[in-house]
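Atoms considered below: every heavy atom in the structure, side chains included; atoms not considered: hydrogens, waters and symmetry mates.
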Amino acid sequence: QLQLVESGGGLVQPGGSLILSCAASGSTFDYYAIGWFRQAPGKEREGVSCISRSMATTTYADSVKGRFTISRDNSKNTVYLQMTSLKPEDTALYYCASDFRPLSSNYCSLRDYEYRSWGLGTQVTVSS
């Protein structure tokens with residue numbers, strides 16, 4: 001199982017940008033699809049984006065399409081979430097999670113129950 005650590009969160013003004021990082025250790029990173037999820041106070045956890053092992057598949061929630069970009073660097077065991085044109089409604093605790101897919105190099109999903117290992121999260125606050 002992977003151990004995951006998120007970083008890069010902070011306070012940003014509306015319209016601003018942030019890049020979140022998800023650093024992995026403890027297993028063969030190449031076998032895992034990685035997802036980003038977020039949870040705002042009083043709301044359910046929401047799938048934001050995911051990327052397959054091969055990087056051939058990326059998926060985005062409708063609420064972030066065109067504003068967020070997910071990428072991964074398998075040589076650094078890290079996944080990134082570039083967030084632009086941030087809105088107050090993007091304020092949440094952002095988590096990354098891993099989904100073991102040794103036989104499915106092009107698969108990822110935004111269904112949180114498919115992910116077994118989770119980081120502790122990094123807070124993103126969008127406010128003026």
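Contacts of R45 classified as side-chain hydrogen bond (donor to acceptor under 3.5 Å, both in side chains), with partners at least two apart in sequence or in another chain: D112. Every residue two or more places apart in sequence or in another chain that forms a side-chain hydrogen bond (donor to acceptor under 3.5 Å, both in side chains) with S117 is listed here: Q1. By the side chain to side chain contact (heavy atoms under 4.5 Å, CB included) test, S17 is found to be paired with T84, residues two or more places apart in sequence or in another chain being considered. The side chain to side chain contact (heavy atoms under 4.5 Å, CB included) check on T57 picks up S52, T59, N106, C108, with sequence neighbours excluded. Applying the side chain to side chain contact (heavy atoms under 4.5 Å, CB included) test to R38 and every residue at least two apart in sequence or in another chain returns E46, V48, S63, V64, F68, D90, A92, Y94. In terms of the side-chain hydrogen bond (donor to acceptor under 3.5 Å, both in side chains) criterion, E44 has no residue partners (sequence neighbours excluded). Partners of S127 under the side chain to side chain contact (heavy atoms under 4.5 Å, CB included) rule, at least two apart in sequence or in another chain, are L11, T125. With sequence neighbours left out, Y107 forms a side-chain hydrogen bond (donor to acceptor under 3.5 Å, both in side chains) with R111, E114.
Between atom CG of residue L120 and atom CG of residue L4 there is a gap of 9.5 Å, rounded to the nearest 0.5 Å. The OG atom of S85 sits 7.0 Å away from the CZ atom of R67 when rounded to the nearest 0.5 Å. A distance of 10.5 Å separates CG in L18 from CD in Q82, rounded to the nearest 0.5 Å. In this structure, S104 OG and D99 CG are separated by 8.5 Å, a value rounded to the nearest 0.5 Å.
Screening T69, V12, L20 against M83 for a side-chain contact (heavy atoms from CB on, under 4.5 Å) leaves a single residue, L20.
A pairwise comparison of heavy atoms in A24 and L2 identifies CB-CD1, 4.1 Å as the closest pair. When all heavy atoms of N74 and R72 are compared, the closest pair comes out as OD1-NE, 2.7 Å.
Identified under the salt bridge (charged side-chain N to carboxylate O under 4.0 Å, His left out) test for residues 48-63, with sequence neighbours left out: D62-K65. Identified under the ring pair (Phe, Tyr, Trp, His ring centres under 6.0 Å) test for residues 3-33, with sequence neighbours left out: Y32-F100.
Under the 3.5 Å distance criterion, the side-chain polar atoms of S21 are left unmatched by any main-chain donor or acceptor of Y80. A donor-acceptor contact shorter than 3.5 Å links the side chain of E6 to the backbone of C96.
For the pair C22 and W36, the minimum side-chain heavy-atom distance is below 4.5 Å. Here the side chains of I19 and L81 are not in contact, with every heavy-atom distance at 4.5 Å or above. Two residues are said to be in side-chain contact when any heavy atoms from C-beta on lie closer than 4.5 Å; S98 and I34 meet this criterion.
In this structure, L93 shares a hydrophobic cluster with F37, Y95, Y115, W118, the cluster being traced through Ile, Leu, Val, Met, Phe, Trp and Tyr side chains under 4.5 angstrom apart. Apart from V5 itself, the hydrophobic cluster it occupies contains nothing, where clustering links Ile, Leu, Val, Met, Phe, Trp and Tyr at side-chain heavy-atom distances under 4.5 Å.
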Assess the residue pair T28 and D30 against the criterion (side chain to side chain donor-acceptor pair (under 3.5 Å)); give the C-alpha distance rounded to whole Å, side-chain angles, the decisive distance to 0.1 Å, and a yes or no.
CA-CA 5 Å; T28 305; D30 293 4; over 6 Å; no
Mind running side chain to side chain contact (heavy atoms under 4.5 Å, CB included) on C50 and L110 for me, showing each step along the way?
CA-CA 7 Å; C50 68; L110 297 182; 4.0 Å; yes
